[in-house]
Amino acid sequence: MVTTTEVLLPVERKPDSALALARFEAWWHGRVLDRPPVTIYVKPAVDRRRVAKSHATLRDRWLDVDYQLDRFEAEYEASTYLAETFPIFFPNIGPEICATVFGCELEFSEHSSWAQPIASSCRQILDIEPNLDNQYWNTIRQLTQRSLARGKGRWITAITDLHTNGDLLASLLDPQELCVEMADDAASVRAACDYVTRSFGLMYDDLWAPIAATGSPCTSWTRTMHQGRYYPVSCDFLCMISPEMARDAIMPSIIEETRFLERSIFHLDGPNALKHLDALLAIPTLHAVQWLYGAGSEPASRWIDVYQRIQAGGKSLQLISENLEDAKAVAAHLTPGGVWFTPMGHYDRAEAQAFIDWTAKWASRTK
């Protein structure tokens, strides 16, 4: 018999929120409730309402809180939310927001932003005091708080993109310079990584506390959920260093972040990061792995051995596939427990529902 997890925050266009959240909770534990969780995007039935507003600069547009929320609300009104696809507002002004807590300024482009490095060495990073009271972090606070008020009972507010540990050092120092320091002064890299990791909980809880106060489940840019502290732990910088370097300088911080969280999934980005998979699978407090093979390395079915390694390592996985047939091709080589389907693209409602129904039959046949 199917049981559900209580969702304290109602979602008006997602009446099956409790059951969807329960499917995610089973997934975190490597189990299947009635079927695996599925995040799938349906082609909009109506045109998205256009939000027109002029900004003097890209920076002004990115930092315009009301504009970001207006655009999301227009998307929300035009969207259909099937299976484990929730209406989620993601507060975002770029992936290097944590660097601003340590003093960096941001440069903005049309689709993202990046931090201007401020340190010349890892030893210098040890002298920087973190400060949440800056324009960029306060913008994320405002986006979070206004979304919670405006979206009450309508959508779920996510925690912003927190690139921490080695990625934060790369933002503060510059990736190439960090590579040089890894070779010349690994002890200082380890010390700096430990230092910035002490602020992970400070940054996380500053954004999670107002969300938790509403009774909402926790989500992020990965769009899985948990009724408590959850986050996708990551370090894209790993692709640039050896497993030995990572073990000595970066992995201790990654492990510390997973210990702080109740649920965690590691964002493993690109073929050059695969050399670290075994070390990640050995972390007992890591629950899942998101394997992102990247452009030029598709489809997912090219990487069946990676998904099998993740399952053999006792972790749940997010199966990001090129399309529905690609997802089925990979699934043929996996067991259902701990598989979360997230096919890319947009589908007709009937096509999406047929795939959701297929996952239930696949899981029942292969149990």
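Since the structure is predicted, the reported quantities are computational estimates derived from the model, not experimental observations.
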I'd like to know if the side chain of Asn165 reaches the main chain of Ile254, judged simply by a donor and an acceptor atom lying under 3.5 Å from each other, with no hydrogens or angles considered. no
Nearest 0.5 Å, what's the CZ-OG distance between Phe341 and Ser321? 8.0 Å
Say whether, by atom type as modelled, one donor and one acceptor occur between the side chain of Gln124 and the main chain of Ser120 under 3.5 angstrom. yes
Are any of the side-chain heavy atoms of Trp221 and Pro232 separated by less than 4.5 Å? yes
For Glu257 and Tyr204, which I'm curious about, is there any donor-acceptor pair between the side chains at under 3.5 Å? no
Using only atom types and a distance under 3.5 Å, with no angle test, would you say the side chain of Ser264 pairs donor to acceptor with the backbone of Thr285? yes
I want to check something: taking the side chain as every heavy atom from C-beta on, are Glu105 and Thr100 in contact at a cut-off of under 4.5 Å? no
Charged tip of Lys53 within 45° of Tyr67 ring normal and under 6.0 Å: no
Calculate, to the nearest 0.5 Å, the distance between atoms CG and CG belonging to Leu281 and Leu286 respectively. 8.0 Å
Is the shortest heavy-atom distance from the side chain of Thr157 to the side chain of Thr214 under 4.5 Å? no
N-O pairing of Lys328 and Asp326 below 4.0 Å: no
May I ask you to test the Met182-Phe237 pair for a side-chain heavy-atom distance under 4.5 Å? yes
What distance separates Tyr41 OH from Thr342 OG1, expressed to the nearest 0.5 Å? 8.5 Å
Check this for me, if you would: do Asp70 and Arg49 make a salt bridge, where the nitrogen-to-carboxylate-oxygen distance has to be below 4.0 angstrom? no
Salt bridge or not for Arg141 and Asp206, using N-O below 4.0 Å? yes
Between OG1 on residue Thr222 and OH on residue Tyr231, distance to nearest 0.5 Å: 8.0 Å
Distance alone, cut at 3.5 Å: any donor-acceptor contact between the side chains of Thr197 and Asp194? no
Phe108 six-ring centre to Arg61 NZ/CZ under 6.0 Å and within 45° of normal: no
Among Asn272, Leu277, Asp278, which one satisfies side chain to side chain contact (heavy atoms under 4.5 Å, CB included) with Lys275? Asn272
Given the side-chain rings of Trp155 and Tyr76, with only the six-membered ring counted for Trp, is the space between their centroids under 6.0 Å? yes
Does either side chain, that of Asp357 or that of Gln353, offer a donor lying less than 3.5 Å from an acceptor on the other one? yes
Looking at Glu84 and Arg23, is there a salt bridge between them, counting it only when a charged N and a carboxylate O are closer than 4.0 Å? yes
Does a side-chain heavy-atom distance below 4.5 Å link Arg263 with His29? yes
NZ (Lys315) and CD1 (Ile283) are apart, to the nearest 0.5 Å, by 7.5 Å
Step by step, would you call Arg154 with Glu12 a salt bridge (charged side-chain N to carboxylate O under 4.0 Å, His left out)? CA-CA 5 Å; Arg154 303 168 70 199; Glu12 66 176 3; 3.7 Å; yes
Classify the side-chain pair Ser316/Trp340 by whether it contains a donor and acceptor separated by less than 3.5 Å. no
Answer yes or no: is there a side-chain heavy-atom contact under 4.5 Å between Leu268 and Tyr293? no
Without hydrogens or angle criteria, can the side chains of His333 and Gln308 be said to hold a donor-acceptor pair below 3.5 Å? no
Under 6.0 Å from the six-membered ring centre of Phe86 and within 45° of its axis: does the NZ or CZ of Arg223 meet both? no
Between Arg59 and Glu107 (salt bridge meaning N to carboxylate O under 4.0 Å), is one present in this structure? no
